[in-house]
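Read through the structure below, which is laid out as structure tokens, and then see the notes.
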Amino acid sequence: MKFFIITIFSIFTVGCSDLFIRGMDEMNASMGGQRACVKESNFNVTSYDGFSYKTGGLCNDWQGQIKNYTTYTIRCANRINGTEANTIFAKPRETTELEHIGPMSGSLNYKCVKWSKSVEVWRDYPEHSYQILVKVDSAKKFISVKNLSSSQRKCFIKDENDRVLTQSVIGQGQILRWVKAPSGDFFTNCLYV
């Protein structure tokens, strides 16, 4: 009889949720069976600039959920007892489902970062006919310069020590090679050739 009830519930609930599994575990225990859900942990929320990460343990598994209110893709890398576990990503303005991280075989540690962002105009200089573009890839910020003039121009990006990071002659609508954004000040310009 117990097997029949479990089978019927399983057939009607494809993609079993954690609550369903816990309910089945409770029913199994009430019928004299052995509990399968031995480890659990309360859920905690860590808030960041524009997003949050909720983690906790359900039925022997660590779970995580990202609520992302930013225009970045968020990446939360998880470790259980120092060993790499599943990584969770959230697209811009997405709230993920509660996702499986790994077994509750030890303590959970995680690091969440703004992982990527598509290209956007960071600074616009219409009087000089160029723009500074920015993008984020693998949690690193990159910059470039776009020529808006109808003429070819020699554009460059220099760091605060006047060291050239990139420079080239580019035509209308073209951009310089992407470079990692300096940690300090930097300078840009486009000169007519």
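Numbers here are sequence positions counted from 1. Quantities reported herein were computed from a predicted structural model and do not represent experimental measurements.
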Could you tell me which non-hydrogen atom of [X] sits nearest to which non-hydrogen atom of [Y], and how far apart they are?
| X | Y | result |
| --- | --- | --- |
| Phe51 | Cys112 | CE1-CB, 3.7 Å |
| Pro103 | Trp62 | O-CD1, 3.4 Å |
| Ile66 | Cys76 | CD1-SG, 3.7 Å |
| Asn81 | Ser105 | ND2-O, 3.5 Å |
| Asn189 | Leu191 | ND2-CD2, 3.8 Å |
| Arg93 | Thr71 | NH2-CG2, 3.2 Å |

Within 6.0 Å of NZ in Lys141, more than 12 heavy atoms from elsewhere: no
[X] vs [Y] side-chain heavy atoms within contact, under 4.5 Å:
| X | Y | answer |
| --- | --- | --- |
| Leu58 | Phe43 | yes |
| Ser168 | Thr166 | no |
| Tyr72 | Ser116 | no |
| Tyr125 | Ile132 | yes |

Within 45 degrees of the axis of the six-membered ring of Phe156 and under 6.0 Å from its centre: does Lys154 put its NZ or CZ there? no
Donor + acceptor pair across side chains of Tyr53, Asn78 (<3.5 Å): yes
Under a 3.5 Å threshold, yes or no: a donor from one side chain and an acceptor from the other, between Tyr110 and Thr46? yes
Side-chain atoms of residues 142-153: list all donor-acceptor pairs with protein atoms under 3.5 Å, sequence neighbours left out, distances to 0.1 Å.
from, atom 1, to, atom 2, distance (Å)
Ser144, OG, Leu176, N, 3.3
Ser144, OG, Leu176, O, 2.7
Asn147, OD1, Ser149, N, 2.9
Asn147, ND2, Ser151, O, 3.0
Asn147, ND2, Ile170, O, 3.1
Asn147, ND2, Gly171, O, 3.3
Ser149, OG, Ser151, N, 3.1
Arg153, NH1, His128, O, 2.8
Arg153, NH1, Ser129, O, 3.0
Arg153, NH2, His128, O, 2.9
Arg153, NH2, Cys190, O, 2.8

I need the [X] [atom1] to [Y] [atom2] distance, nearest 0.5 Å.
| X | Y | atom1 | atom2 | value |
| --- | --- | --- | --- | --- |
| Lys114 | Thr70 | NZ | OG1 | 6.0 Å |
| Ile157 | Phe187 | CD1 | CZ | 12.5 Å |
| Asn44 | Thr55 | CG | OG1 | 5.5 Å |
| Asp185 | Lys158 | CG | NZ | 14.5 Å |
| Met104 | Cys59 | CE | SG | 10.0 Å |
| Ile88 | Gln65 | CD1 | CD | 9.0 Å |

Please check: side-chain N/O of [X] versus main-chain N/O of [Y], any donor-acceptor pairing under 3.5 Å?
| X | Y | result |
| --- | --- | --- |
| Asn86 | His100 | yes |
| Asp124 | Gln131 | no |
| Asp159 | Asn161 | yes |
| Tyr130 | Cys155 | no |

Are [Y] and [X] connected in a single hydrophobic cluster, I mean Ile/Leu/Val/Met/Phe/Trp/Tyr linked by side-chain heavy atoms less than 4.5 Å apart?
| X | Y | value |
| --- | --- | --- |
| Phe89 | Tyr69 | no |
| Trp122 | Leu165 | yes |
| Val134 | Val119 | no |

Please enumerate all residues that pass salt bridge (Lys or Arg N to Asp or Glu O under 4.0 Å) together with Glu120, with sequence neighbours excluded. Lys117
